[in-house]
Amino acid sequence: WSEKLAGDLGTLIQVGGVFLIMKEIGELALANLSPAGYEELGTVQVVRKPVWAAPAFANGLLFCRNNDGRAVCVDLRR
């Protein structure tokens with residue numbers, strides 16, 4: 001299977017059993033990926049587009065940066 005993302009490009013990282021996908025349009029998606037397909041669980045706009053840098057995750061914090069150099073930290077701790 002394949003999945004077309006809004007903005008055409010995106011980078012992903014696996015965190016626990018789910019995937020965080022930073023879309024080119026600055027939207028962060030949480031998704032399940034399996035042999036059966038792609039299941040998007042939710043999205044949130046975290047930074048302005050374009051975003052081509054891969055996100056980084058550490059200690060429950062997700063760091064994202066757009067091409068203008070603006071960086072954001074999203075707290076994903078429960």
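Here, residue 1 is the first one in the sequence, and each next residue gets the next number.
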Quick one, Leu62 with Val15, criterion side-chain contact (heavy atoms from CB on, under 4.5 Å). Give me CA distance, side-chain angles, the key distance, then yes/no. CA-CA 10 Å; Leu62 183 75; Val15 176; 5.9 Å; no

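- Hydrophobic clustering (ILVMFWY, side-chain heavy atoms < 4.5 Å, transitive): Val46 and Leu76 are in one cluster.
- Of all non-hydrogen atoms in Lys49 and Gly26, the two that sit nearest each other are CB-N, 4.4 Å.
- A side-chain contact (heavy atoms from CB on, under 4.5 Å) with Met22 is found for exactly one of Ile13, Val47, Leu9, namely Val47.
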Might you work through the salt bridge (Lys or Arg N to Asp or Glu O under 4.0 Å) test for Arg77 and Asp75, ending with a clear yes or no? CA-CA 6 Å; Arg77 297 173 289 191; Asp75 189 346; 2.8 Å; yes

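- How far CG of Leu30 is from CG of Leu20: 6.0 Å, rounded to the nearest 0.5 Å.
- At a threshold of 4.5 Å between side-chain heavy atoms, the hydrophobic network of Ile, Leu, Val, Met, Phe, Trp and Tyr places Val51 and Ile25 in two separate groups.
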Report the C-alpha separation of Leu33 and Trp1 in whole Å, then their side-chain angles, then the decisive distance to 0.1 Å, and conclude whether the side-chain contact (heavy atoms from CB on, under 4.5 Å) test is met. CA-CA 10 Å; Leu33 305 178; Trp1 57 265; 3.7 Å; yes

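- Under the 4.5 Å side-chain contact rule for hydrophobic residues, Val74 and Phe57 share a cluster.
- Taking hydrophobic clusters as Ile, Leu, Val, Met, Phe, Trp and Tyr residues chained together by side-chain heavy-atom distances below 4.5 Å, Leu28 shares a cluster with Val18.
- If you chain together hydrophobic residues whose side chains sit under 4.5 Å apart, Leu41 and Ile21 never meet in one group.
- In terms of heavy atoms, Thr11 sits closest to Pro55 at OG1-CD, 3.1 Å.
- For Glu40, the side chain to side chain donor-acceptor pair (under 3.5 Å) partners are Lys23, Tyr38, not counting sequence neighbours.
- In this structure, the separation between CD on Glu27 and OG1 on Thr43 is 4.0 Å, given to the nearest 0.5 Å.
- At least one donor-acceptor pair under 3.5 Å links the side chain of Asn66 to the backbone N or O of Arg48.
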